[in-house]
Amino acid sequence: MSAEVLDGKRIAKEIQAEIKQRVATFVETHHFAPALAAVLVGDDPASQVYVRNKERACERAGIKSQLHRMPADSTTDEVLEKVRQLNEDPEVSGILVQLPLPREVDTQVVLDAVSPLKDVDAFHPRNVGLISQGRPQFLPCTPHGIIQMLKRYQIHTQGKNVVIVGRSDIVGKPMALMLANRDIGLGPEMANATVTICHSQTSDLGAVTQQADILIAAIGQPKFITGDMVKLGAVVVDVGINRTDDGLVGDVDYNDVVPVASYVTPVPGGVGPLTVTMLLENTLSAAGLQLAAVGS
Ligand code: GUN
């Protein structure tokens, strides 16, 4: 077997073209463009790249973008003040606080302060709760992007064993909640999975990952998933972006897994472009939610 590559770049382009159309219709109807405000604290080089990619993607889709840079020695209160200003600003549809924040800033306190109606990352406890209950207001960008990619390749999750390696609040946990639900708004065929979450304390990890029809790697360790951990014919989704001496490397040992899997995502060009794309989707829907909230 030699796995087919899941081309995230192509799918992202396709979805971005659809979003661009919907943004144009929104602007025609409401006479303003949705706007995304990104808050970038400090000068982490990877974060600078991510934020620039997001700005460019917004521009292509007709979404306004603002970048609010803050110095690395900002206090929690200073970042909170910025978030509160953006919450109150009627010109801002969505707020994204780029992570990681500097260690001195209390990340949880800052993320909890983002208005749930502008929470395009879906990190606010209210939004996490709504996802858990199967009635989401926003879907978190990376898990949503993964489901969109699988859907467009007609890889359904219903009735499948999905094993997620990694239990982060950004990917692992929301991914599990979305796939275990009956329908998260993307059709029952893209939910209803039997989900297992693995982590650093999982015993005999390889035996668990071997059960996966769909294996999602979101651990943050380069080439962690090797061919012997993958069932023949499984679909392997690599969420990792690790900067190593060999350049960007995923959490999956790509060359080792290709002969075993039926489909695999590359790094770069797999999940990454979809994360940015779903951020655009959420910014557009945030603009709509705020209109609905003021009753216009
Ligand atoms: N840093 C890495 N991934 C993410 C993400 O999805 N959202 C935000 N805000 N920061 C990140």
Side-chain angles (χ1 to χ4, degrees), residues 8-9 12-13 16 36-61 63 65-76 78-79 82-83 86 94-108 110-111 114 119-123 140-146 149 164-175 200 216-225 237-254 265-283:
K9 224 169 152 177
K13 230 173 163 177
Q16 286 188 22
L36 175 68
V39 179
L40 178 58
V41 186
D43 37 33
D44 176 61
S47 293
Q48 310 257 5
V49 175
Y50 291 143
V51 166
R52 200 170 328 123
N53 286 342
K54 287 164 189 168
E55 281 186 298
R56 287 194 189 134
C58 281
E59 201 176 308
R60 285 197 301 273
I63 292 173
S65 76
Q66 306 176 0
L67 176 57
H68 298 265
R69 285 179 183 276
M70 299 184 70
D73 61 355
S74 301
T75 63
T76 301
E78 285 164 345
V79 182
K82 172 62 72 182
V83 167
L86 297 171
I95 301 170
L96 176 141
V97 180
Q98 182 63 37
L99 302 180
L101 288 168
R103 243 186 316 174
E104 294 68 28
V105 177
D106 189 330
T107 301
Q108 206 63 64
V110 170
L111 295 182
V114 174
D119 176 32
V120 288
D121 268 321
F123 289 165
C141 300
T142 300
H144 187 192
I146 291 169
M149 174 155 59
I164 301 165
V165 189
R167 55 178 158 187
S168 70
D169 290 335
I170 299 185
V171 182
K173 277 191 262 181
M175 183 88 252
S200 55
I216 300 174
I219 325 124
Q221 291 193 42
K223 299 191 182 183
F224 184 84
I225 301 290
V237 176
D238 190 352
V239 182
I241 303 178
N242 307 290
R243 277 154 219 281
T244 70
D245 293 341
D246 302 334
L248 281 189
V249 176
D251 289 351
V252 172
D253 188 338
Y254 186 85
T265 62
V267 175
V271 173
L274 283 152
T275 297
V276 180
T277 304
M278 302 334 292
L279 182 65
L280 305 177
E281 168 83 34
N282 284 353
T283 305

**Item:** Validation row: F123, V97 side chains within 4.5 angstrom (heavy atoms)
**Value:** no
**Request:** State the CG-CG distance between L67 and L40, to the nearest 0.5 angstrom.
**Result:** 6.0 Å
**Asked** Nearest heavy-atom pair of I225 and A217: which atoms, and what distance?
**Response** CG1-CB, 3.8 Å
**Asked** Mind checking whether R56 and R52 have side chains closer than 4.5 Å, heavy atoms only?
**Response** yes
**Request:** Identify the heavy atoms of C58 and L36 that sit nearest to each other, and give their distance.
**Result:** SG-CD2, 3.8 Å
**Asked** Quick check: are there more than 12 heavy atoms from other residues, nucleotides or ligands sitting under 6.0 Å from CD of E78?
**Response** yes
**Request:** For V105 and S74, work out which heavy atoms get closest and say how close.
**Result:** CG2-O, 3.4 Å
**Request:** State, to 0.1 Å, how close G8 and M149 come at their nearest heavy-atom pair, and which atoms those are.
**Result:** CA-SD, 3.9 Å
**Request:** State, to 0.1 Å, how close D251 and G220 come at their nearest heavy-atom pair, and which atoms those are.
**Result:** OD2-N, 2.8 Å
**Message:** Test: side chain to side chain donor-acceptor pair (under 3.5 Å). Region: residues 265-279. Which pairs qualify, not counting sequence neighbours?
**Reply:** Q16-T277, T142-T275
**Item:** Qualifying side chain to side chain donor-acceptor pair (under 3.5 Å) pairs, either residue in residues 98-107, two or more places apart
**Value:** K54-Q98
**Prompt:** Can you list the residues that meet the side-chain contact (heavy atoms from CB on, under 4.5 Å) rule with K223, with sequence neighbours excluded?
**Reply:** V249, D253
